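One structure is given below, encoded as structure tokens.
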Amino acid sequence: MAGNDHRAAVPRTGALRWFALLLLCAAYIQGPVTKILDFPGAIAEMTHFGLSPAPLFAVGVIVFELGASALILIGRWRWLAALALAGFTLVATFIAVRFWEMPEGQGRMMAMNAFFEHLGLIGGFILVALDDLARKKEANR
């Protein structure tokens, strides 16, 4: 019986799982906090990317990123928040990290790395959503 129960050999992973979710959301917590602490800089960032009215977009991004991160961390509508952050990240990446328009050199290489790192975040959020939905389905059996 114990040989078939793999849970006996696996330590409790709830805290580690939550920490991994926190790490996945770290940029979506740090970014809004930075924007709150430097709101004129947040407005300048929105203006730089052509988003108008910039103050409204800055507030929207702050509320969205913090709210979605909180939902993921507390486990409420986690799948929806993860998909929302995945979609947001995809759109934001194509707006802000257009490495293909940059001249050759270190700046372009760094931007290309950032672009593909963002794709990795998107994949992580999709996995969180799939995992949350699978857990809900299993709990309803």
Side-chain angles (χ1 to χ4, degrees), residues 2-141:
N4 292 334
D5 188 3
H6 69 278
R7 292 174 293 174
V10 178
R12 296 200 41 99
T13 58
L16 182 59
R17 187 172 187 276
W18 186 87
F19 184 65
L21 292 169
L22 176 64
L23 292 176
L24 186 60
C25 293
Y28 303 88
I29 296 169
Q30 173 272 328
V33 170
T34 301
K35 286 175 177 58
I36 291 168
L37 296 175
D38 180 15
F39 197 67
I43 293 172
E45 180 183 31
M46 299 303 141
T47 302
H48 171 78
F49 292 116
L51 302 172
S52 181
L56 183 63
F57 272 95
V59 169
V61 167
I62 290 167
V63 170
F64 172 76
E65 288 183 329
L66 287 176
S69 295
L71 290 173
I72 288 171
L73 294 174
I74 66 172
R76 180 160 302 236
W77 296 325
R78 180 176 283 150
W79 67 272
L80 183 60
L83 290 178
L85 279 176
F88 170 82
T89 303
L90 183 64
V91 171
T93 299
F94 276 96
I95 290 173
V97 193
R98 302 170 67 88
F99 71 89
W100 54 89
E101 294 178 351
M102 299 175 72
E104 294 288 332
Q106 184 179 5
R108 180 180 176 146
M109 185 182 312
M110 291 175 66
M112 186 185 322
N113 287 342
F115 182 90
F116 285 98
E117 287 169 357
H118 283 95
L119 294 183
L121 284 169
I122 293 164
F125 283 122
I126 292 169
L127 287 173
V128 167
L130 292 172
D131 179 66
D132 192 54
L133 290 170
R135 287 172 181 262
K136 287 183 186 322
K137 184 177 180 180
E138 184 67 28
N140 289 332
R141 283 187 179 182

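Predicted model only: the values in this text are computed from it and were never measured.
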Atom CE of Met110: over 12 foreign heavy atoms under 6.0 Å
no
List in chain and number order the residues that pass ring-ring contact (aromatic ring centres under 6.0 Å, His included) with Phe57, two or more places apart in sequence or in another chain; answer none if no residue qualifies.
none
Nearest heavy atoms of Phe64 and Ala84, plus distance in Å:
CZ-O, 3.6 Å
Distance in Å, Leu21 CG paired with Leu16 CG, rounded so as to fall on 0.5 Å steps:
10.0 Å
Nearest heavy-atom pair of Ala86 and Ile126: which atoms, and what distance?
CB-CG1, 4.3 Å
Tell me, please, which residues at least two apart from Leu56 pass side chain to side chain contact (heavy atoms under 4.5 Å, CB included).
Pro53
Walk me through it: do Ile62 and Val33 pass the test side-chain contact (heavy atoms from CB on, under 4.5 Å)?
CA-CA 8 Å; Ile62 290 167; Val33 170; over 6 Å; no
In chain order, what residues pass the side-chain hydrogen bond (donor to acceptor under 3.5 Å, both in side chains) check against Thr89, with sequence neighbours excluded?
Tyr28
Determine which pairs satisfy salt bridge (Lys or Arg N to Asp or Glu O under 4.0 Å) with at least one residue from residues 57-82, sequence neighbours left out, and list them in order.
none
Minimum heavy-atom separation for Pro55 and Phe39, please, with both atom names.
O-CZ, 3.9 Å
Give, for atom CG of Leu85 and atom CG of Leu24, the distance between the pair rounded to the nearest 0.5 Å.
8.0 Å
Go through the structure and list residues passing ring-ring contact (aromatic ring centres under 6.0 Å, His included) with Phe115, not counting sequence neighbours.
Phe94, Phe99, Trp100
Identify, with sequence neighbours excluded, every residue that meets side chain to side chain contact (heavy atoms under 4.5 Å, CB included) alongside Ala129.
Trp79, Ala82, Leu83
Taking the side chain as C-beta and beyond, is there a heavy-atom pair between Ile72 and Asp132 under 4.5 Å?
no
Side-chain donor/acceptor of Trp18 to backbone N/O of Leu73, under 3.5 Å:
yes
Does some side-chain heavy atom of Ile29 sit less than 4.5 Å from a side-chain heavy atom of Leu22?
yes
Applying side chain to side chain contact (heavy atoms under 4.5 Å, CB included), name anything that partners Ala70, two or more places apart in sequence or on another chain.
none
According to side-chain hydrogen bond (donor to acceptor under 3.5 Å, both in side chains), who are the partners of Glu117, at least two apart in sequence or on a separate chain?
none
With side chain to side chain donor-acceptor pair (under 3.5 Å) as the rule and sequence neighbours excluded, what pairs involving residues 42-57 come up?
Lys35-Glu45
Sequence neighbours excluded, the answer for salt bridge (charged side-chain N to carboxylate O under 4.0 Å, His left out) partners of Asp131 is Arg17, Arg135
Does atom CE of Met109 have more than 12 heavy-atom neighbours from other groups under 6.0 Å away?
no
Counterpart residues, side-chain hydrogen bond (donor to acceptor under 3.5 Å, both in side chains), relative to Gln106 (two or more places apart):
none
Minimal heavy-atom distance between Ala111 and Met102, with the atoms involved, is CB-SD, 3.4 Å
Got a sec, which residues hit ring-ring contact (aromatic ring centres under 6.0 Å, His included) with Phe19, two or more places apart in sequence or on another chain?
none
pair Phe125-Cys25: side-chain heavy atoms closer than 4.5 Å
yes
